[in-house]
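Right, one structure below, let's go through it.
Each chain gets a letter, A, B and so on, in the order its sequence line appears, and its residues count up from 1.
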Amino acid sequence: MTRSSLIDSALSRSALRRAFTRARANGGAAGGDGITAAAMTRGLETALDALVREVRRGRYQPGPLRAVPIPKRDGSTRVLRIPCLRDRVLQGAVASVLVPVLDPLMHPGSFAYRPGRSVPLALRSLRRGQGWALDADIRSFFDEIGHHPLRRVLKQKVSCLETRQLIGIWLGSFGRRGLAQGSPISPLLANTALGPLDSALSKHGRLVRYADDFVVVCADKAGAREARRTAEQTLRFAGLRLHPDKTRIVPPGMSFTFLGTELVLHSRDRRPQKQLKNKMKLSLRRETISPGEHIERVLREGWKNMLNLTGRS
DNA sequence: GCAGTGATGAC
RNA sequence: AUUGUCAUCACUGC
């Protein structure tokens, strides 16, 4: 029913300028074309003019991605692929107009990258969780997610053809599969692509998903196994698999780590309360390794989660 | 509420 | 020289 098209909002001066300001505030390093935020600031208006003109005439092409290896906490590395600044600006503008459309359609159990949502909120929604947990991780999610299923979801949910075409161009620039970690629109696309997974999993129990990491709270062991099978089948269509080492089925009373905190679900007949208390204390102590006054906040969060969660934090 | 700087956490 | 989204805290300006 909307008469003004999504693409018009995305290409508006205000959306583009806001996206540029954001990119610059975030550090604004150059992409594959070597153009920095400082360079783009000079002559910003003409650069934005050119960008809009190219998109309108169907001549827009994103520049080369710049790959940067980042060492992860666990010792492995992940490769960032950084679009050119002008492409990040356009992607940011499109993302900003797409969020009000796509976010309300997302599953309530999806917590990553969404406005008003956070890790503590995700953990809190596991409060009073009872039973067996399927704790799972999608292997190489950002690198291997197939484009076709994502396009299909977008076609259902985004009526503006020009916006979908623009996203299609970016997907092409990311390669045959995968999303560039470093593009402002990738988090939104990731959540959108996993919408079908959320729907399928939530039939098996309470779902809490944070990007490629998720927990399904199931009534019993058989239920957790069914949830895992559903996840495997659903992900298969997108060319994805569960990570064999990071996916486990966890009995009640046994701890597992999710979003950086150790959790324990109650048994349905609520016996192992004593065990729980010990675990809570242990993990709280573990969490106090933080510098300066930040310790205080970590402690406060820790206590809050302890009080609110069935498991600990 | 909107900007700027610095930081922490999740992915 | 390390990108991105979200959340949170501190400080500065309107």
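Side-chain atoms of Arg22(A) lie closest to C6(C) of the nucleotides C6(C), U2(C), dG4(B). Comparing U3(C), U2(C), U5(C) against the side chain of Asn26(A) picks out U5(C) as the nearest. The Tyr113(A) side chain lies nearest to U5(C) when the options are U2(C), U5(C), dG4(B). Listed nucleotides: U2(C), dA3(B), dC11(B). Nearest to the side chain of Thr21(A): dA3(B). Side-chain atoms of Pro187(A) lie closest to U5(C) of the nucleotides dG4(B), U5(C), dC11(B). Taking only side-chain atoms of Pro115(A), from C-beta outward, the nucleotide of dT5(B), A7(C), U3(C) with the closest atom is A7(C).
Rounded to an integer number of Å, the gap from CG of Asp87(A) to P of U3(C) is 16 Å. A straight line from CZ of Arg78(A) to C1' of dA10(B) spans 11 Å, rounded to a whole angstrom. Remark: P of C6(C) and CG of Leu189(A) are 14 Å apart, rounded to the nearest angstrom. Note: NZ (Lys246(A)) to C1' (dA10(B)) measures 14 Å, nearest angstrom. Atom CG of Leu194(A) and atom C1' of dC11(B) are 12 Å apart (whole Å). If you measure from atom CZ of Phe142(A) to atom C1' of dA10(B), you get 12 Å, rounded to the nearest angstrom. The interatomic distance linking Phe111(A) (CZ) with dA10(B) (P) rounds to 17 Å, in whole Å. One atom, CZ of Arg209(A), and another, P of dA10(B), lie 18 Å apart when rounded to the nearest Å.
Contact annotation: Asn191(A) does not reach the phosphate of U5(C) (side-chain N/O to OP1 or OP2, under 4.0 Å). Within the 4.0 Å cut-off from OP1 or OP2 of U3(C), not a single side-chain nitrogen or oxygen of Arg81(A) is found. In this model, the phosphate group of A1(C) is not approached by any side-chain N or O of Arg66(A) to a distance below 4.0 Å at OP1 or OP2. At dA3(B), none of the side-chain N or O atoms of Arg17(A) fall inside 4.0 Å of OP1 or OP2 (strictly under the cut-off).
Between Leu85(A) and Ala23(A), the closest heavy-atom pair is CD1-CB, 4.0 Å.
With a cut-off of 3.5 Å on both pairing distances, the Watson-Crick or G-U wobble partner of C11(C) is dG4(B). Using Watson-Crick or G-U wobble geometry with both donor-acceptor distances under 3.5 Å, U3(C) finds no partner in any strand shown.
For the pairing with Glu54(A), the side-chain hydrogen bond (donor to acceptor under 3.5 Å, both in side chains) check across Arg59(A), Gln61(A), Arg86(A) returns one residue only, Arg86(A).
Between Arg81(A) and Gln181(A), the side chains place no donor N or O within less than 3.5 Å of an acceptor N or O (distance only, hydrogens not considered). Between the side chains of Thr257(A) and Glu262(A), no donor N or O sits under 3.5 Å from an acceptor N or O.
Each of Gly116(A) and Ile70(A) was matched to the nucleotide of RNA chain C holding its nearest heavy atom; the match closer to the 5' end belongs to Ile70(A).
Annotation: proximity of residues 170-186 of chain A to RNA chain C (heavy atom, distance under 4.0 Å) is found for Gln181(A), Gly182(A), Ser183(A), Pro184(A), numbered in ascending order.
Backbone-only engagement by Leu259(A) is indicated by non-hydrogen atom pairs under 4.0 Å involving sugar-phosphate atoms exclusively. Using a 4.0 Å heavy-atom cutoff across all strands shown, Leu80(A) reaches at least one base atom of the nucleic acid. Across all strands, Gly92(A) comes closer than 4.0 Å to no nucleic acid atom at all (heavy-atom distances). If you check every strand for non-hydrogen atoms under 4.0 Å, Arg24(A) touches nothing. Contact annotation for Ala29(A): backbone-only contact, meaning every heavy-atom pair under 4.0 Å involves sugar-phosphate atoms and none involves a base. At the heavy-atom level, Ala23(A) lies under 4.0 Å from the strands shown only through sugar-phosphate atoms.
Clustering of Ile, Leu, Val, Met, Phe, Trp and Tyr by side-chain heavy atoms under 4.5 Å joins Val68(A) with Ile70(A), Leu80(A), Ile82(A).
At a threshold of 4.5 Å between non-hydrogen side-chain atoms, the residues Leu263(A) and Val250(A) do not count as touching.
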Open item on the list: Set out, in order, the CA-CA distance, both residues' side-chain angles and the distance that settles side chain to side chain contact (heavy atoms under 4.5 Å, CB included) for Leu102(A) and Lys157(A), then state yes or no.
Closed with: CA-CA 7 Å; Leu102(A) 292 178; Lys157(A) 302 188 174 178; 3.8 Å; yes
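The aromatic rings of Tyr210(A) and Tyr113(A) sit tilted relative to each other, their planes meeting at an angle between 30° and 60°.
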Just list the side-chain donor-acceptor pairs under 3.5 Å for residues 232-249 of chain A, sequence neighbours left out, or say none.
residue   : atom : partner   : partner atom : Å
Thr234(A) : OG1  : Thr230(A) : O            : 2.7
Thr247(A) : OG1  : Asp137(A) : N            : 3.4
Thr247(A) : OG1  : His243(A) : O            : 2.8

